[in-house]
Amino acid sequence: MLKNKEILLGITGGIAAYKSVLLLRKLTKAKANVNVIMTEHAKQFVGPLTFQTLSGNPVTSDLFTLFRSSEIGHVALADKADLLVIAPATANIIGKIANGIGDDFLTTMVMATTVPVLFAPSMNVHMYHSPIVQSNIEKLKSFGYFFIDPIEGELACKVDGKGRMAEVDDILEEIAILIHQKDLKNKKILITAGPTLEDIDPVRFISNNSSGKMGYALARMAIRRGAEVMLISGPSNLDIPYKAKAIKVRTADEMSEAVMKHYTNYDIIIKSAAVADFKTKSYSQHKIKKITDNLTIELTKNQDILKNLGSCKGDRLLVGFAAESENFIDNALGKLREKGVDLMVVNDISNKKIGFQSDYNECHLIFKDGSTRHIPFMDKDRVADDILDAIKSLI
Ligand code: PMT
């Protein structure tokens, strides 16, 4: 996503400057080329050598730096960038830029660039809420600058409140969103992910191996492409993707209730969850004792959420997933027709390198007319992007 992107990282004088080291590390790990610009105050918190070593590029501060003998530094850097992020952004830098002051390399570059500029404010809670800072932020927003809000927590001044710089992973995701083409703008997508758990007694349950990675990747990529996303997820250890609305459920019945309550607000429904096909006929209120050698648990079928949606979806686009271990294209085509689905994504679950739990997947897409498309072995973000391309071709 950020591979070969040119990112300018502006660092100003706040204690959160130490987190910018991690941000730089993650940007370069994502294969972006990063040029760091520090204000004189920022150098009081972290030394330029750290940023120079990690970025592999010289750190700039001096307004009168020339690039390649004749290029003017702040203009040359601004010209070749894809995005400028200022993290941390102090009240001082926000105020200077909002009021047209360009007295160092960073402030002049903000004015010299036409690329998206993202501010990650970090300051004392009272400073952040002061009418001066708030009106400067509003002014910059009205000019088209982007902000990622600070978060609540203990601040360097030992006061609790909103003022801590946003989490580095969220800043990274906001950068990915700003850089990505918005070809799913105005689309509303409901995605189910993860397993469901069907309780037997207070300590035991029936479930499956789904981690949620495939569904969460779909949510993340759809958001980067501009869609509004609701994620309905069974139990998963993954963090809810940045900017996704989310509902956490446990059982197939809870997932069904959430999906049926919300699907009418969405244009596209993607059912990547591995819903348990069966639940126990009766739940034991107490832990079942090990008094016999054999135990029979009576199971009853869960309702088929995908099939129910197929019969009431109207002109919404319905995408199902199918986990198959044999005859996967024929079986999936059968499921597509039986459940009234527009597009089926098939995983060959006999291949242990893909599907459940893995960071990778390889799928076949089955369309209503019986045509198929192969998505090769890739990480789940890229597989999700290809699935979204196919969805886009159908809307
Ligand atoms: O979560 P990961 O670890 O990343 O793994 C991803 C995945 C392998 C779980 C995912 O890619 C996948 O294949 N999900 C669908 C698994 C599945 O339940 O397949 P199925 O063939 O049993 O069901 C077919 C479709 O019917 C699915 O869209 C399922 O959501 C839906 N279904 C099934 C049963 C049921 N009671 N209600 C349903 O809606």
Side-chain angles (χ1 to χ4, degrees), residues 190-198 206-221 231-241 249-260 263 268-279 299-313 317-366 375 377-384 386-388 390-391:
L190 187 154
I191 299 170
T192 69
T196 65
L197 263 60
E198 311 300 331
I206 302 167
S207 190
N208 60 62
N209 250 335
S210 171
S211 61
K213 286 177 185 171
M214 190 65 243
Y216 282 52
L218 280 159
R220 189 164 46 248
M221 300 314 282
L231 181 67
I232 299 181
S233 172
S236 165
N237 292 329
L238 303 174
D239 290 336
I240 297 297
V249 297
R250 182 173 173 87
T251 65
D253 283 340
E254 286 172 15
M255 184 170 279
S256 172
E257 195 186 323
V259 168
M260 293 325 239
Y263 84 93
I268 299 162
I269 305 155
I270 309 177
K271 286 228 62 264
S272 64
V275 184
D277 288 317
F278 293 94
K279 63 182 172 185
L299 300 179
T300 179
K301 229 176 175 180
N302 266 324
Q303 48 187 317
D304 192 317
I305 310 168
L306 186 64
K307 195 170 175 181
N308 290 345
L309 282 168
S311 63
C312 62
K313 74 182 186 71
L317 192 91
L318 182 58
V319 181
F321 269 67
E324 300 290 342
S325 54
E326 54 178 354
N327 294 332
F328 46 90
I329 293 192
D330 286 345
N331 288 348
L333 190 56
K335 280 184 187 170
L336 176 145
R337 292 193 170 137
E338 184 209 334
K339 300 190 183 194
V341 170
D342 298 294
L343 171 66
M344 202 61 137
V345 183
V346 196
N347 285 138
D348 172 5
I349 50 161
S350 62
N351 181 350
K352 295 292 170 218
K353 290 188 183 143
I354 59 169
F356 287 101
Q357 296 281 333
S358 172
D359 288 335
Y360 301 90
N361 213 352
E362 179 183 347
C363 313
H364 288 271
L365 303 182
I366 318 281
I375 299 184
F377 180 87
M378 292 187 284
D379 65 58
K380 282 183 174 166
D381 275 1
R382 284 194 290 162
V383 169
D386 275 17
I387 294 170
L388 292 169
I391 289 173

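The residues of the chain are indexed from 1 along the displayed sequence. Counting starts at 1 for both ligands and their atoms, following the listed order. These numbers come from the heavy atoms of this one structure, side chains and all, not from hydrogens, waters or symmetry mates.
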### Query
Side chain of Thr196, backbone of Ala276: donor and acceptor closer than 3.5 Å?
yes

### Query
What protein heavy atom sits nearest atom 18 (O) of ligand 1, and how far away is it?
Ala274 CA, 3.4 Å

### Modelled atom types, side-chain donor and acceptor of Tyr216 and Ser233, under 3.5 Å
yes

### Task
Would you mind listing which atoms of ligand 1 come within a distance below 4.0 Å of any non-hydrogen atom of Lys213?
1 (O), 2 (P), 4 (O)

### Message
Is any side-chain heavy atom of Asp253 closer than 4.5 Å to one of Gln303?
### Response
yes

### Task
Note the single closest protein heavy atom to atom 28 (O) of ligand 1, along with its residue, its atom name and the distance in Å.
Lys271 O, 2.7 Å

### Query
Can you find a non-hydrogen atom of Lys339 under 4.0 Å from ligand 1?
yes

### Query
For atom 23 (O) of ligand 1, which protein heavy atom lies nearest, and how many Å away is it?
Phe321 O, 3.7 Å

### Query
Around atom CG of Asp239, are there more than 12 heavy atoms of other residues, nucleotides or ligands at under 6.0 Å?
no

#### Entry: Residue and atom name of the nearest protein heavy atom (relative to atom 13 (O) of ligand 1), distance in Å to one decimal
Asn347 OD1, 2.8 Å

### Heavy atoms of other groups near Tyr360 OH, more than 12 under 6.0 Å
no

### Summary
For atom 29 (C) of ligand 1, the closest protein heavy atom turns out to be Ala273 O, 3.4 Å

### Query
Would Met344 and Leu306 satisfy side chain to side chain contact (heavy atoms under 4.5 Å, CB included), going step by step from the backbone distance to the final call?
CA-CA 11 Å; Met344 202 61 137; Leu306 186 64; 4.3 Å; yes

### Query
Any side-chain heavy atom of Lys279 within less than 4.5 Å of one from Thr300?
yes

### Message
Taking only non-hydrogen atoms of Gln303, do any sit less than 4.0 angstrom from ligand 1?
### Response
yes

### Message
Heavy atom to atom 22 (O) of ligand 1, shortest distance: which of Lys335, Glu338, Gln357 holds it?
### Response
Lys335

### Query
Do Leu238 and Arg220 have side-chain heavy atoms sitting under 4.5 Å apart?
no

### Message
Can a donor-acceptor pair be found, under 3.5 Å and without considering hydrogens, that links the side chain of Gln357 to the backbone of Asn209?
### Response
yes

### Query
Considering distance alone, does some N or O of Ile305 sit under 3.5 Å from an N or O of ligand 1?
yes

### Message
Return the closest protein heavy atom for atom 2 (P) of ligand 1 as residue, atom name and distance.
### Response
Ser211 OG, 3.3 Å

### Task
State, with a plain yes or no, whether a side-chain heavy atom of Ile391 is found less than 4.5 Å away from one of Ile270.
yes

### Message
With heavy-atom distances below 4.0 Å as the criterion, list the atoms of ligand 1 near Met214.
### Response
4 (O), 6 (C), 11 (O)

### Message
Test your reading of the structure: does Lys380 have an N or O sitting under 3.5 Å from an N or O of ligand 1?
### Response
yes

### Query
At a 4.0 Å threshold, what atoms of ligand 1 neighbour a non-hydrogen atom of Gly212?
1 (O), 2 (P), 3 (O)

#### Entry: Atom indices of ligand 1, in the order listed, that fall short of 4.0 Å to a heavy atom of Phe356
3 (O), 5 (O), 8 (C), 9 (C)

### Query
Please state which protein non-hydrogen atom is closest to atom 19 (O) of ligand 1 and give its distance, to 0.1 Å?
Ala323 N, 3.3 Å

### Task
Could you list which atoms of ligand 1 come closer than 4.0 Å to a heavy atom of Leu306?
25 (C), 26 (O), 28 (O), 31 (C), 38 (C), 39 (O)

### Task
Would you mind reporting whether Val345 and Met214 have side-chain heavy atoms less than 4.5 Å apart?
no

### Query
Does ligand 1 have an atom that lies less than 4.0 angstrom from a heavy atom of Met255?
no

### Message
A quick test of your reading: do over 12 heavy atoms of other residues, nucleotides or ligands sit less than 6.0 Å from CD of Glu254?
### Response
yes

### Message
As a check for students: among Ile270, Asn331, Asp304, identify the option with a heavy atom nearest to atom 32 (N) of ligand 1.
### Response
Asp304

## Note on the structure
CG (Asp348) and NZ (Lys353) are apart, to the nearest 0.5 Å, by 12.5 Å

### Query
Would you say Ser210 and ligand 1 have an N/O pair spaced under 3.5 Å apart?
yes

### Task
With heavy atoms under 4.0 Å as the rule, classify the contact between Ser272 and ligand 1 as side chain, backbone, both or neither.
backbone

### Query
Which atoms of ligand 1 have any heavy atom of Asp277 under 4.0 Å away?
34 (C)

